[in-house]
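Note sheet for the following structure.
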Amino acid sequence: ELTPEEIITGFKASVKKGLAVPVLCGSATKNMGIPPVLDLMVESLPNPAETAAAEGKDLAAEPLAALIFKTLADPYVGKLNFFLQCQ
C-alpha cells in the first residue's frame with residue numbers, strides 16, 4: 001500500500017516528465033477554487049529553468065491551420081480573434 005507522501009512524490013515526478021496532466025476546476029469570476037490551482041502550480045509544475053528548451057520550427061513557409069475559439073468586437077481595437085494553431 002502506498003503512503004500519501006509516495007503518491008504525491010510520484011504525481012509530481014509524472015507531471016515533471018509530462019506523463020500526467022493535472023486537471024482542476026475553478027471560477028475566476030467568483031474566486032472559487034483559484035488558490036488550490038495556484039498552490040498546485042507552485043508545488044507540482046516544473047520550474048522553467050529545470051526543463052529543456054523547446055524545439056521550434058519555422059512556420060513562415062508552411063500554410064497556417066488554426067481554430068478560432070473566440071471572437072470579440074472591441075470599440076477601440078476592432079475585431080479580435082483568439083485562436084489555437086493546429087499542427
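Hydrogens, waters and symmetry mates are skipped; everything else that's a heavy atom, side chains included, is used. Just so you know, these numbers come straight off a predicted model, no measurement behind them.
Within the structure, side-chain hydrogen bond (donor to acceptor under 3.5 Å, both in side chains) pairs that include any residue of residues 63-75 comprise T71-N81 (at least two apart or interchain). Listed by first and then second residue, the side-chain hydrogen bond (donor to acceptor under 3.5 Å, both in side chains) pairs involving residues 7-17 amount to none (not counting sequence neighbours).
Rounding to the nearest 0.5 Å gives a distance of 11.0 Å between CG of L72 and NZ of K79. How far CD1 of I68 is from CZ of F82: 11.0 Å, rounded to the nearest 0.5 Å.
Residues E6 and E1 approach most closely at OE1-O, 4.2 Å, considering heavy atoms. For V15 against P22, the heavy-atom pair with the smallest separation is CG2-CD, 3.9 Å.
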For residues 29-43, dump all side-chain donor-acceptor pairs below 3.5 Å to protein atoms at least two apart in sequence or in another chain.
from, atom 1, to, atom 2, distance (Å)
T29, OG1, S27, OG, 3.2

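L84 has its side chain within reach of F69: a pair of non-hydrogen atoms, C-beta onward, lies under 4.5 Å apart.
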